[in-house]
Amino acid sequence: MKILEWYFGFHAPLPLRDVRSLETFCMAFGHVEAWGYTMDDTWMFFDPRRGGTMIRVTHLHDEVNAMLVARLELCERVLKFTPDDRTLRFPPVFPMNCAQQCGHLVGMRAFSLGGLARMLLRNGAEQVK
């Protein structure tokens with residue numbers, strides 16, 4: 001399944017007073033998730049959460065619209081990126097945070113949210129929101 005365009009949604013950091021669990025503690029630094037579509041209009045939503053990665057693949061119009069509206073409401077910044085054929089030659093570093101996982105989807109080695117955003121913009125991404 002080749003994704004034609006990826007969208008990366010960056011969440012704002014949570015205030016420390018709202019941190020209640022280990023999963024929300026990681027959100028104190030911010031979060032990134034990715035979604036994209038294929039040639040036959042099948043969408044993949046990828047959210048590397050601390051409590052378990054959420055992957056949803058769907059082509060149902062109503063489901064896709066609901067997921068897109070939710071992503072646009074939750075994310076502070078959204079970048080659109082058309083992938084090229086780059087791949088990583090060396091395996092990623094483990095454990096991987098959300099920026100590393102989303103960067104790996106498009107063949108980029110990112111270690112932080114800011115680093116991933118800068119790499120995407122440097123390689124032709126455009127800001128949607």
Student: Got a second to check how far Gln101's CD is from Leu116's CG, nearest 0.5 Å?
Tutor: 11.5 Å

Student: Treating Ile, Leu, Val, Met, Phe, Trp and Tyr as nodes and any side-chain heavy-atom pair under 4.5 angstrom as an edge, say whether Val57 and Leu68 lie in one connected cluster.
Tutor: no

Student: Testing Gln127, Met108, Glu126 one by one against Leu120 for a side-chain contact (heavy atoms from CB on, under 4.5 Å), which residue passes?
Tutor: Met108

Student: Working note: His59 + Asp41, criterion side chain to side chain contact (heavy atoms under 4.5 Å, CB included); need CA distance, chi angles, decisive distance, verdict.
Tutor: CA-CA 6 Å; His59 65 277; Asp41 212 23; over 6 Å; no

Student: Ignoring hydrogens, what is the shortest heavy-atom contact between Glu63 and Arg56? Give both atom names and the distance.
Tutor: OE1-CD, 4.0 Å

Student: Evaluate side chain to side chain contact (heavy atoms under 4.5 Å, CB included) for Phe81 paired with Ile3, printing each intermediate quantity in order.
Tutor: CA-CA 10 Å; Phe81 181 72; Ile3 302 292; over 6 Å; no

Student: Relative to each other, are the rings of Trp43 and Tyr7 parallel, tilted or perpendicular (30° and 60° limits)?
Tutor: parallel

Student: With clusters defined by side-chain heavy atoms of hydrophobic residues (ILVMFWY) lying less than 4.5 Å apart, directly or transitively, does Val69 cluster with Leu60?
Tutor: no

Student: Nearest 0.5 Å, what's the OH-CE distance between Tyr37 and Met44?
Tutor: 14.5 Å

Student: With side chain to side chain contact (heavy atoms under 4.5 Å, CB included) as the criterion, how do Trp35 and Val64 come out once you've worked through the C-alpha distance, each side chain's angles and the decisive distance to 0.1 Å?
Tutor: CA-CA 10 Å; Trp35 60 93; Val64 169; over 6 Å; no

Student: Can you name the nearest heavy-atom pair linking Thr82 to Leu4, along with the distance?
Tutor: CG2-O, 3.7 Å

Student: For residues Leu79 and Leu121, report the shortest heavy-atom separation together with the two atoms involved.
Tutor: CD2-CD2, 3.9 Å

Student: Treating Lys80 as the side-chain partner and Glu5 as the backbone partner, does any N or O pair qualify as donor plus acceptor under 3.5 Å?
Tutor: no

Student: From Arg109 CZ over to Gln100 CD, what is the distance, rounded to the nearest 0.5 angstrom?
Tutor: 8.5 Å

Student: Heavy atoms only: give me the nearest Pro48-Glu33 pair and the separation to one decimal.
Tutor: CD-CA, 4.3 Å

Student: Under 3.5 Å, is there a donor-acceptor pair between the side chain of Glu73 and the main chain of Ala70?
Tutor: no

Student: State, yes or no, whether a side-chain contact exists between Cys98 and Leu113 at a heavy-atom distance under 4.5 Å.
Tutor: yes

Student: How many angstroms lie between atom CG of Leu74 and atom NE2 of His31, to the nearest 0.5 angstrom?
Tutor: 9.5 Å

Student: Can you name the closest pair of heavy atoms from Cys102 and Phe8 and give their distance?
Tutor: O-CE2, 3.5 Å

Student: Hydrophobic clusters here meaning ILVMFWY residues chained together by side-chain heavy-atom distances under 4.5 Å, can you tell me if Leu72 and Phe45 are in one?
Tutor: yes

Student: Between Thr58 and Met67, is the side chain to side chain contact (heavy atoms under 4.5 Å, CB included) condition met? List the steps.
Tutor: CA-CA 10 Å; Thr58 184; Met67 291 289 288; 5.6 Å; no

Student: Val32 and Val78: same hydrophobic cluster, using ILVMFWY side-chain contacts below 4.5 Å?
Tutor: no

